[in-house]
Amino acid sequence: MLKDFIRPHILTLESYTSARDEFSGSADVYLDANENWMDFSQEGKNRYPDPHCTLLRREIERVMGFRMENTVIGNGSDELIDMLIRIFAVPGKDSVLIERPTYGEYKVFAEINDVSVINVPLTEDLDLDVVAIKKAIDEHSPKIVFICSPNNPTGRSYDAEKIREIASYNPSLTVIDEAYADFDPSFVSAYTLFSENERIAVLRTFSKYWALASSRLGILIASDTVIRAVNKIKAPYNVSLSAQRDGLKALGEIGERKEVLEKILSEKKRLTESLSRFPFVRKVYPSDANFILIKVDDADGLYRYLMEKGIIIRNRSREPLLENSLRITIGSREENDRLLEALCEREESTVS
Ligand code: PMP
């Protein structure tokens with residue numbers, strides 16, 4: 001049972017009960033939380049926010065279909081990654097498993113928590129190496145297996161059947177980070193595996209498709225066992241009132257978000273085609289996300305050149321399998337034009 005993988009002191013922990021937990025109905029006079037009675041903001045900012053983001057979670061269920069009983073909102077999905085590691089992995093003793101290359105925070109949060117990291121390389125074509133992952137699970141018994149799909153920085157989403165195979169093999173928690181899933185209209189979420197496997201947890205974020213990176217809103221979708229544990233350890237007011245309102249507003253503007261998605265997808269196609277034509281671009285990897293990974297002749301040189309032109313991309317060349325690779329976020333049409341113009345100028349100057 002998944003419960004057996006949770007650190008015992010978390011299971012028995014008596015968590016803090018906030019004023020808003022002790023009384024959650026509605027009343028006329030609140031003298032319970034030592035707040036300032038004066039609301040300078042005139043929007044209720046003098047009061048602590050709902051610790052459980054109830055309205056936001058209800059709206060998430062309506063719009064995204066994730067049952068509200070199975071969600072917790074984090075201060076970005078980064079906070080949720082950190083909390084999951086702290087719930088399952090004993091510092092100085094346990095490990096988590098990641099594939100390389102992938103999103104850097106799984107490793108960093110594990111290391112902050114003194115939890116070791118088992119690295120399993122992706123295959124040459126940047127796919128999951130299911131055999132190697134299963135072998136590493138047997139050898140190291142990691143407390144969490146992280147799978148990022150679509151993967152950052154490769155842009156590739158993995159076959160749902162492979163994820164299912166790993167998650168059913170792994171006796172502990174498998175976390176599927178779907179931060180970029182909304183950019184792939186044909187994406188099959190690991191949430192569909194949820195009813196058959198309590199050891200699956202899914203992460204989503206408002207930072208990408210929903211265009212709210214500054215609000216810090218991440219969603220964990222998980223079984224009751226995990227949700228209960230996260231609610232035990234999370235700081236009571238981890239998501240501000242403004243952030244909760246931002247999330248609610250965004251969910252009401254789904255039409256606008258879809259319009260921008262169409263633009264991002266058509267710009268991704270245009271950029272992919274245009275980038276492939278430069279002789280110094282060796283490869284443009286297919287992407288299911290809102291960024292493209294390219295392999296070039298001289299990634300460091302190109303990165304520096306673009307920076308001097310005021311265009312910042314991400315140099316991922318130090319990652320395993322990604323020698324001379326650059327990650328480029330799909331910007332607005334104008335921003336992408338700036339990038340392509342700068343690359344044309346460089347090409348012309350090396351030819352002449
Ligand atoms: N997961 C992945 C795969 C990411 O790329 C990022 C941010 N770049 C995050 C999680 C963190 O998202 P958030 O802003 O919700 O903390």
Side-chain angles (χ1 to χ4, degrees), residues 53 56-57 60 64 66 71-86 96-113 117 119 122 126-128 144-158 163 173-184 187 189-191 200-222 230 234-235 238-240 242-244 246-248 250-251 257 264 268 285 287-293 312-316 319 322 325-331:
C53 300
L56 180 58
R57 283 169 44 242
I60 287 170
M64 303 183 189
F66 304 134
T71 55
V72 177
I73 308 300
N75 191 282
S77 38
D78 279 346
E79 186 195 29
L80 296 164
I81 294 167
D82 181 45
M83 285 198 281
L84 290 172
I85 293 173
R86 285 193 282 136
V96 297
L97 184 152
I98 63 170
E99 302 81 35
R100 290 291 292 279
T102 194
Y103 179 49
E105 284 286 39
Y106 315 128
K107 174 173 182 287
V108 174
F109 279 126
E111 287 175 350
I112 291 169
N113 287 297
V117 178
N119 295 291
L122 293 173
L126 306 177
D127 196 2
L128 290 173
I144 302 179
V145 171
F146 284 101
I147 299 175
C148 184
S149 180
N151 190 26
N152 175 7
T154 65
R156 181 175 177 162
S157 33
Y158 303 123
I163 292 176
L173 185 72
T174 302
V175 175
I176 298 97
D177 183 346
E178 299 182 345
Y180 297 96
D182 309 281
F183 296 106
D184 177 1
F187 187 80
S189 171
Y191 183 67
I200 283 179
V202 174
L203 290 171
R204 291 286 180 110
T205 180
F206 278 79
S207 298
K208 315 290 176 184
Y209 174 83
W210 296 99
L212 284 177
S214 81
S215 301
R216 312 306 301 129
L217 288 169
I219 314 169
L220 171 72
I221 308 113
V230 173
K234 92 173 181 60
N238 61 326
V239 181
S240 74
S242 315
Q244 295 187 35
D246 290 346
L248 275 171
L251 291 169
R257 295 303 188 280
I264 291 171
K268 181 163 73 174
Y285 291 88
S287 163
D288 301 303
N290 68 334
F291 54 84
I292 310 180
L293 185 73
I312 313 301
I313 59 170
R314 206 80 199 268
N315 190 350
R316 300 280 79 182
E319 292 287 323
L322 297 190
S325 298
L326 300 167
R327 193 194 72 191
I328 304 171
T329 307
I330 313 296

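All ligand and atom numbering here is 1-based and tracks the order in the structure. All values below come from the heavy atoms of this structure, side chains included, with hydrogens, waters and symmetry mates left out.
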* Asked: Which ligand 1 atoms are under 4.0 Å away from a heavy-atom of Ser207?
  -> 13 (P), 14 (O), 15 (O)
* **Sidechain-backbone polar pair: Asp288 side chain, Ser157 backbone, donor-acceptor under 3.5 Å** => yes
* According to the interplanar angle, ranging from 0 to 90°, do the rings of Tyr106 and Tyr103 count as parallel (below 30°), tilted (30 to 60°) or perpendicular (above 60°)? -> perpendicular
* Looking at Cys148, which atoms of ligand 1 are within less than 4.0 Å of one of its heavy atoms? -> 3 (C)
* Structure fact -> A student checking ligand 1 against Arg216 at a 4.0 Å heavy-atom cut-off should list atoms 13 (P), 14 (O), 16 (O)
* Give a yes/no on ligand 1: does Phe206 have at least one heavy atom closer than 4.0 angstrom to it? => no
* Asked: Looking only at protein heavy atoms, which one is nearest to atom 7 (C) of ligand 1, and how far off is it?
  -> Lys208 NZ, 3.2 Å
* To do: Give a yes or no answer on whether the side chain of Arg316 reaches the backbone of Ser325 with a donor-acceptor pair at less than 3.5 Å.
  => no
* Asked: Between Tyr103 and ligand 1, is there a nitrogen or oxygen pair with a distance under 3.5 Å?
  -> no
* Please confirm whether the backbone N or O of Leu217 pairs with a side-chain atom of Ser215, one donor and one acceptor, at under 3.5 Å? => no
* Report yes if the distance between the aromatic ring centroids of Tyr180 and Phe291 is under 6.0 Å, otherwise no. => yes
* Please state which protein non-hydrogen atom is closest to atom 12 (O) of ligand 1 and give its distance, to 0.1 Å? -> Ser77 OG, 3.1 Å
* Sub-3.5 Å donor-acceptor pair from the side chain of Asn75 to the main-chain atoms of Asn238, do we have one? -> yes
* Asked: Nearest to atom 1 (N) of ligand 1, what protein heavy atom do you find, and at what distance?
  -> Asp177 OD2, 2.6 Å
* Structure fact -> Closest heavy-atom pair, Ala289 versus Lys268, reported as atoms and distance to 0.1 Å, is O-NZ, 2.8 Å
* **ligand 1 contact on Glu105 by region, counting heavy-atom pairs under 4.0 Å** => neither
